[in-house]
Amino acid sequence: MMIKRRDFPLRDSQLQRYRLQLDRRASSVPPGDRLLRRRGQSLQFREYAPYSLGDDIRSVDWRLSLSRGAPWELWKKTFDAEDAQQVVITVDTSQTLDGSEGSSKRVVAWWLAEAIARVALLGSDRVVLHRLEAHQPDESTNDSSTTIRSRDRQGADVSSDLRPLSDGRGSNLHRLFEWRGAAREVRSMGQVNAHLDALKSGTLETNGLGVIERRLVPTAAMVIVSDFYCSARHSEMLARSVDQAVTRRCAVVIVELDSWPWERSLLARDGYLIDGPGVSVERDNPRYEVDDDLIARVEKKIADNKSAFFRRLNRLAAHTRCSWPAGGTLQPETLFGDWFENDAVLAKLLVRGAS
Amino acid sequence: MSLGLLVTAALGAMTALTLNRMRRSRFRPRVLSTARFFLDEPRSEVRRRWVFCWPRWNDRGYQMQMAAMACLLLAVWLHELTSNSDDSLRVHVCVDVSGSMATRQAGVTRSQIGFELLSRIVDQIEGSSAAHRELRVSLFDSEAEELLPATSDSTRWRALKSEDFAARKLGTDLMSLRRWSKQPPPDNPAWRPTHWVVISDQPRPQWAEPDAELPLQWLDVADAVANHGVAAIEQRRDPLSGRVEFLSLKLRAYGPPPSQTRITVTRDAARVVHEQDVAWDANGVANVELSKLPAGNYRIELSGEDAWSDDNLVRLTIPDATQVKVDWRVSGQPLPQLLDWEASADHPRLVVAELPIRNAQFSPGLPLLIVGNGSRPIGPRPNLWFFCSLRQGSPLLESVNLDALEAHREAVSLPIHELLKGCGQPGRTENEWQCVLKDNNPGNPCLATLPAHGPWGAVVWMPVLPDLTRLAASSEELAWQTVFSNAVAWLLAEREVPLFELTSRAAPEPQFDVPPFRLALHPDEGDTSHQSVGSRDFEIQRRATPEEPAPWWQFPVLLALLLLVAERVMAFARLPVF
């Protein structure tokens, strides 16, 4: 489905206000395991520390060492490392995001990706947007790989080559770290817009995706937006991929688009022909007499499928859920006003300087 | 098939299609992103179960089927529309002006009643809401003619006068009316009447029945009234001399016969030669026979008042034909004396000549009988001969035994050109001869006639002159005697003076004063016993000749068929629109 730029419901002023709110409460945000700023060499003073043998003699604060008065006791300055955070935002575009009547999960997924990207850019983070396609077997050219060319702050030409992988068997998530290609930073809002438009239209040239692999360095954050209605096997593969990302000391944030409450509301006590991704009407004859027991069993299956995935990632990834109301479509005011701006996981992802 | 039935059928089909489209699977379709989680659940055992719902209006197949049905309805509507789309009124009124229309009934003549009917028709036409109105008026008696050409000028309609429809002293020929109805107006061949009305006192003929070939409105103005008069005059003449030997008058009384009717026969200057009371029988028929009437002019008159007077007076002439003058040019035969004919070369009524004729001179206009040279054969005839052809119904063969003729070995035949040369009528051709009997070899006529034409009289050729001096000894002689009598009678009948003439289109007025007398005694004109049945009102709603509908209705039918075929093809091909 083609999504137009003007469909994005938030204005820049709203994003900036949200960014300010995040910065203002930065000190109150509990530090996450993977969002700690590491100490390193920069101009940002951090603390004094006793000089140890082998430390850089240039870091000794001679004035402080003399004032402390202890002979041969030297104190040195330590600085925070000024390493900008990499935020890789992966949007799952598998058929399940289209497979529900009126849920508009794909639209919401792109809205969230754009909102996260813009807020991250307002915080001077680097952003890589990625469109992950599934169910494109043996067609590497169908994988969406985009090259974004723009100019960085110094006026240098930067580009980002993104290419989702396909193993020819459905979901691509398990091959996340086999990506190849080059990536450059994307810093401006205009680049985000162009990148998003290109991703949605699929008109950009394909290239390797090694850039994503390189960007998944320690302090990087990876955001996966999906409904996670994939099969158990694919869930297992995705979990292993997340494991590898965690191994690289990357922060992983799972944004789950949960449309089951809405889909459940579409079913009453009646006969239904239930079609959707992974189902063939002719082959499977999906005619059911729906009752509460059936709904309960299906709901349990969905929950089991997800819980098996998230249980494994419990200590490795942060998880947040965006649920569709049972009554109808997810309104932008509800999505951003009630959920996005108040979600602690997203705030932890986006707040700079959390300790 | 009626319009209502067609519309009902089309609407029924549309309803059936709609009901069929209202069948919906009881399993309502749902597309869910979680559909894969239902796959392990037990399926419904029933694959097809239908419930009724509103049809899917955006279904292409349904749209095409409904469009096809709508096209059929449109075709029916167009057919009906175009067949009635001609909002014009073209009335053709044919008025009987034959002699019987002069019959008086209830104080007025039938012609006047007919004119009143025509005036009412004009009123109805003027009062109609038709956009275009035309009236055409024709008259008919023994023939039909146009009185008022088709026109929309109502002033010309109103200009018609009663005198235009006055009865003429002529007979009625309904077949001429039928022929007239099939002929378009000479000045407007495309003109077709929407209403055809006939005003007459004649009963409606079979071909004019409402469901017959020519549906028309027959307005019968006749009421049964009493009338009596001369219905027919029969005469019997001497076949050779043409003398009137017997005259029979057939009298008819229509309706109750008058109590006393007297017939008076007067010759020349009011000399009553016969007078009697008419005795009518139970059927209203009486016969009066007059015999041995001397030559002269006669006046036969019936007394009593009745509805139609033209059959109450008869004038006729009994010709003076007591003795036949003959120019006899046959040797050795005393026939004129035997037949009491007067042999006269001056002013003969008949010429009898014998072959071979050389340099003969005949007066124009005289009948001529050419015979063979007596009973002697012209040449040897070794073989039997027979007639290879004969003219059926020829008066020369009346009461003749053809077998006897054929057995007569002495008969001869002559080539046509020899006959032409012998009859002395220059300018006539061989084709004018009518061969009554023809020889088989060499095919020459042995009995032939040459009708009168132009200044020339009729000619008969017969090969042998029978012996009339004695009774016929054989059937062959009797046969030839009969042929001779027939030939003489036919030749003299050509010059028979009729007793009277009948009025005609050329001479429509009777003539009672000087001979030749002209009478209006046309058959059945005096029959006033007919009483009209049915209405005399013009029904303007009843169109006589429905308009041929324009073929526009065929296009929706074609479109409907195309739609149905396309829908079926697309349905079987399972195209995406389905």
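Just so we're on the same page: letters track the sequence lines, and every chain starts at 1. Everything quoted here is computed from the prediction, not taken from an experiment.
Annotation for Tyr288(A) and Phe38(B): closest pair OH-O, 2.9 Å, computed over non-hydrogen atoms.
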Show me the side-chain donor-acceptor pairs of residues 65-72 of chain B shorter than 3.5 Å, one per line, residues at least two apart or across chains.
from, atom 1, to, atom 2, distance (Å)
Gln65(B), NE2, Glu567(B), OE1, 3.3
Gln65(B), NE2, Glu567(B), OE2, 3.2

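By number of non-hydrogen pairs under 4.5 angstrom with chain B, the leading residue of Leu294(A), Asp227(A), Ile302(A), Leu273(A) is Leu273(A).
The closest donor-acceptor contact from the side chain of Arg43(B) to the backbone of Asn285(A) lies under 3.5 Å. Although no hydrogens or angles enter the test, the distance criterion places no donor-acceptor pair under 3.5 Å between the side chain of Arg30(B) and the main chain of Asp275(A).
Atom CG of Leu257(A) and atom OG of Ser33(B) lie 10.0 Å apart (nearest 0.5 Å). Summarising the geometry, atom OH belonging to Tyr272(A) is positioned 4.0 Å from atom CZ belonging to Arg28(B); distances are rounded to the nearest 0.5 Å. Note that CD of Glu41(B) and CD1 of Ile274(A) are 9.5 Å apart. Values are rounded to the nearest 0.5 Å.
No side-chain heavy atom of Arg297(A) sits less than 4.5 Å from a side-chain heavy atom of Asp40(B). Using a 4.5 Å heavy-atom cutoff, the side chains of Leu267(A) and Leu32(B) are in contact.
Partners of Arg264(A) according to the salt bridge (charged side-chain N to carboxylate O under 4.0 Å, His left out) rule, which considers only residues two or more places apart in sequence or in another chain, are Glu299(A).
Note: Tyr229(A) and Phe37(B) have perpendicular aromatic rings, judged against thresholds of 30 and 60 degrees for the angle between ring planes.
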